[in-house]
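Here is how names work: the chains are called A, B, and so on, in the same order as the sequence lines, proteins then strands, and each is numbered from 1. Hydrogens, waters and symmetry mates play no part in the numbers below; they use all other heavy atoms, side chains included.
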Amino acid sequence: MTATFDLWLEGELAAGYEPFAVAELPAGAPYRAGRDSVAGPVAGRLAGRGVVIVATVFLALATSSVLAAAAFSGSTDPREWSRHFADAIAACGDTDEAGQTSVGACVKAIVHLGPGPGHDRSGAGPSTGGPQPAPVPSSQLLPLVQPSEEPNAKPAEVPRGKPSGKPSVPPATPPGAPADKTPPGRDKPPSGHGNPPADHPTPPAGHPTPPAGHPTPPPGKH
Amino acid sequence: MADQDYQPGSVADFDRLYRSSYRRVLYTVYGVLGDRAAAEDCVQDAFVRAFKAWSRWTPDAPAEAWLHRIALNVALSYRKRSRFQEVGELVRRLGRPEPEPDPAEVAERSDLFDALRRLSPEQAALIVLRHHHGYTNREIAYALKAPESTIASRLAKAKETLRKQLIGRALAEGRPSRPLPVVSGGDSRVLVIDGQDALNAQ
């Protein structure tokens, strides 16, 4: 009984597999591609992780740079940042020519002190109603502008020449200093330490900025 | 090629193993699944897995039986997944007429393979491994991860189940496509069952 059924079974199986016999063996070695495709995702995952790390670091650096520049210049306009830095570096170059300090120390001082007069002198600052007074700390870095009689007149060129070596104005005004020491014509005080308080009385626009007799010497180390 | 000639981890040896055993593994998996396309997919997947594990293969195990074990595991997983899909399809199809089966598939599949598909994967594999590939009990035991001493009894049970499946199907439809051996009352004879004669034979 079993032998008969087995014979019948074997014959049926052979007949059932006949259609497979004419089929070709899959070309090549697909399992190798499978192995490659297994290694691929691993490498891809590692590469993807690296890209994410690099992108995160880049974004963090970019964000911190933007925040620092915005805090430093008091503006969110990148053109304002570049103008501000260009002015500051130009001023530092001037002081470097005088041999009194290095550009690096000067820029470092600018960074520590915050926005300087270059920002306000550009005319793109928060107040353009008249000559902008230089924040007191920055007066150490850049020469004070010449006062103009016209309210909307553009600020004068930064005087060139060797500084005298002695500051003609007080080097810095601490927060909460008396009002009469703050230059007039300022609508909005810039941020940063050494700036006058926000509730400081603002003189009328067009009031001439106190003249500076001598170029402002470079800042010292803080 | 004898199993001793294969070197674990050797790509060239695995290529030879692939060429020599692909069809047999495919036949076994087709016997389990009853679907050629699915069987081909499962066998490819099995060879990918086997290739990854090739360095861990030990020559004391029959290489082709080792491949069968991997392929049957893949086929088993496939069958489980497809059962879930069938249930979902059944729920979606509630109240609608059942779609017509693929004519090419119907033409290709014989009653025997239909019946094999209704067996458990292990029983279907047992029958194909023994009655088509001619595997020994040891090889079957390794392929099915079962004790060698139980193979004979498992095989007998599998064949009995298959025979019942075939007879039941023949009686239900009344027209088996091929002659079917029918055994009754301890008397061994081969009957050609066609329609009413099949009923009379019982």
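Atom-to-atom distance recorded for B/Leu116:CG and A/Glu12:CD is 10.5 Å, nearest 0.5 angstrom. Put simply, CZ on A/Phe20 and CD on B/Glu40 are 7.0 Å apart, with the number rounded to the nearest 0.5 Å. Considering CG of B/Leu26 and CG of A/Leu25, their distance stands at 9.5 Å, rounded to 0.5 Å. With values rounded to the nearest 0.5 angstrom, B/Lys159 atom NZ is found 3.5 Å from A/Asp6 atom CG. Atom CG of A/Leu7 and atom NE2 of B/His131 lie 10.0 Å apart (nearest 0.5 Å). Put simply, CG on B/Leu166 and CH2 on A/Trp8 are 4.5 Å apart, with the number rounded to the nearest 0.5 Å.
You'll find the side chain of B/Leu162 reaches within 4.5 Å of the side chain of A/Phe5, heavy atoms only. Within the 4.5 Å cutoff, the side chain of B/Lys52 has no heavy atoms near those of the A/Tyr31 side chain. Between B/Tyr27 and A/Leu13, every side-chain heavy-atom pair lies at or beyond the 4.5 Å cut-off.
Heavy-atom distances place both the backbone and the side chain of B/Arg19 under 4.5 Å from chain A.
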